[in-house]
Protein chains: 2
Amino acid sequence: MSINHAILGLLSWKPCTGYDLKKFFEGSTLMHWSGNNNQIYKALVQLSAEGLVTSETLHQEGAPSKKLYHLTKEGQQALRKWVLGDIELPEFKKPFLVQLAWADQLEDQELLNLIQRYEDELEVGLRTVQEQMRRNSDVPARTSREKLLWEMMRDSLITSYHNELDWVSRVRKNLLNLKENPHEPSGD
Amino acid sequence: MSINHAILGLLSWKPCTGYDLKKFFEGSTLMHWSGNNNQIYKALVQLSAEGLVTSETLHQEGAPSKKLYHLTKEGQQALRKWVLGDIELPEFKKPFLVQLAWADQLEDQELLNLIQRYEDELEVGLRTVQEQMRRNSDVPARTSREKLLWEMMRDSLITSYHNELDWVSRVRKNLLNLKENPHEPSGD
DNA sequence: CGACTCATGTAATATGTTACATGATTAA
DNA sequence: TTAATCATGTAACATATTACATGAGTCG
């Protein structure tokens, strides 16, 4: 799984410039690359060298020239092979858990504040991705099946945030319960 | 958020050698570092240079010498400061979504097989982390509150897997529904 | 006898981020 | 006039993975 595959995918949807790809990755949390130039322009050079993409230079008036990249037949085959190939498990990377792990040195109120801050940031994050999806609504939907797949991808991210918020509220509930009934089993 | 903070945390629990830390990270999906030597031994040198940890060399008979690292007062302060500091949002990195994004080129059955494979791998992954948690049960539990925090950390990972499995079954259900009632709204 | 554990380290490589560099056009 | 958009690229750095190197002891 590298950004090269994601780029092949996007080019299978429509021809793009490096700048188009950059903007797409910047505006998409689902495809977890940040959209930095270094990676994208290097990847395009590499994919060209492998014959998976070709580029055509378009000269524009009043704007810089651009290189429009197209997927080749070999690129289409490589994409299909990759889609049917190895599956990677998701990575649940939650740095806040590492913070919580050593939070027993805090006062009760400090700990509750920390959890509150996490909840607040999650809510901001959720609104940000929802806003991002509303803004960036030009996504593949060439068939009703493809439309469904992209809806489910968005659903995956949104429900991940909701699940995380649910978890935070369980943590808070359990901490308050422990405070009120020290050393009693919580009943969950 | 770097591995240095996680190491300070572990040393606040008990003194460790580089090897201990390596084993801990290897056996813990929650702390998302793989436990490779390069990072750990470099981090320990760095933390020493900053005065956040000290080391004592223990010579053993019939086994290689080892360096036992202890947290200093400055290290304890740095840890507390970090725990109360900036919070990072979780990263929901799901490479399978990128594969699904371009899966509309597949036949219905190929797509269902791909989804089935993902579900199977998720179930293996879930069993693996459950097994890992059973094996690696020596975790901080110095107070009932700390015990609760570590339980909630484990809960976070396990429910993330369950949520992902739920999502996969929704995807399958929606795809089958679409196949049976093409172009009809799904009712969800 | 071969593989694994304990134990510390280095080298090469891959991946990803931030910032720099250039330069025209457009909108606040 | 300051910032943003369009557009391509490079440099420096941070982070992470795999493999290499050494060497004693133990388990099957």
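Convention: sequence-line order gives letters A, B, ...; per-chain numbering from 1. Just so you know, these numbers use all the heavy atoms, side chains as well, and skip hydrogens, waters and symmetry mates. Computed from a prediction, not measured in an experiment: that's the story for all the values here.
- Between B:Ala101 and A:Glu146, the shortest heavy-atom distance links the atoms O-OE2, 4.1 Å.
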Could you pull out the protein-nucleic contacts involving nucleotides 5-8 of chain C (nitrogen or oxygen on both sides, under 3.5 Å)?
residue	atom	partner	partner atom	Å
C:dC6	OP2	B:Tyr19	OH	2.9
C:dA7	OP1	B:Gln60	OE1	3.3
C:dA7	OP1	B:Gln60	NE2	3.1
C:dT8	OP1	B:Lys67	N	2.8
C:dT8	OP2	B:Tyr19	N	2.9
C:dT8	OP2	B:Tyr41	OH	3.1
C:dT8	O4	B:Asn37	ND2	3.4

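- Using cut-offs of 30° and 60° for the angle between ring planes, the A:Trp82 and A:His5 rings count as parallel.
- Rounding to whole angstrom units, CZ of residue B:Phe25 and P of D:dT18 are separated by 16 Å.
- A residue-by-residue look at B:Lys93 and B:Lys42 shows that B:Lys42 has its nearest nucleotide of DNA chain C further toward the 5' end.
- Separating the CD atom of B:Gln39 from the P atom of C:dG9 is a distance of 16 Å, rounded to the nearest angstrom.
- Side-chain contact of A:Gln76 with B:Gln105: a donor-acceptor pair under 3.5 Å is present, judged by distance alone.
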Please step through salt bridge (charged side-chain N to carboxylate O under 4.0 Å, His left out) for the pair B:Glu26 and B:Lys22, ending with a clear verdict.
CA-CA 6 Å; B:Glu26 268 177 6; B:Lys22 179 194 169 74; 3.6 Å; yes
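- The nearest whole Å value for the distance from the CD atom in B:Glu91 to the C1' atom in D:dT15 is 12 Å.
- In this structure, A:Asn36 reaches the C:dT17 phosphate: one of its side-chain N or O atoms is under 4.0 Å from OP1 or OP2.
- A side chain to side chain contact (heavy atoms under 4.5 Å, CB included) with A:Leu52 is found for one member of A:Gln77, A:Lys73, A:Gln46, A:Glu74 and no other, namely A:Glu74.
- We find that CD1 of A:Ile7 is positioned 13 Å from C1' of C:dT15, with the value rounded to whole Å.
- As a whole-Å value, the separation of B:Asn4 CG from D:dA14 C1' is 12 Å.
- The nearest heavy atom of DNA chain D to B:Glu61 and to B:Gly35 marks one nucleotide each, and the one closer to the 5' end goes with B:Gly35.
- Not one side-chain nitrogen or oxygen of A:Ser34 sits closer than 4.0 Å to the OP1 or OP2 atom of C:dG16.
- Side-chain polar atoms of B:Asn113 and B:Glu110 form no donor-acceptor pair below 3.5 angstrom.
- Between A:His32 atom NE2 and D:dA16 atom C1' the separation is 14 Å, expressed in whole Å.
- Taking 3.5 Å as the limit, the base of C:dT17 and the side chain of A:Asn38 contain a donor-acceptor pair of atoms between them.
- Look at NE2 on A:His59: it is 16 Å from C1' on C:dA24, rounded to the nearest Å.
- Under the rule for a side-chain contact (heavy atoms from CB on, under 4.5 Å), the partners of B:Leu68 that lie at least two apart in sequence or sit in another chain are B:Pro15, B:Thr17, B:Glu56, B:Leu58, B:His70.
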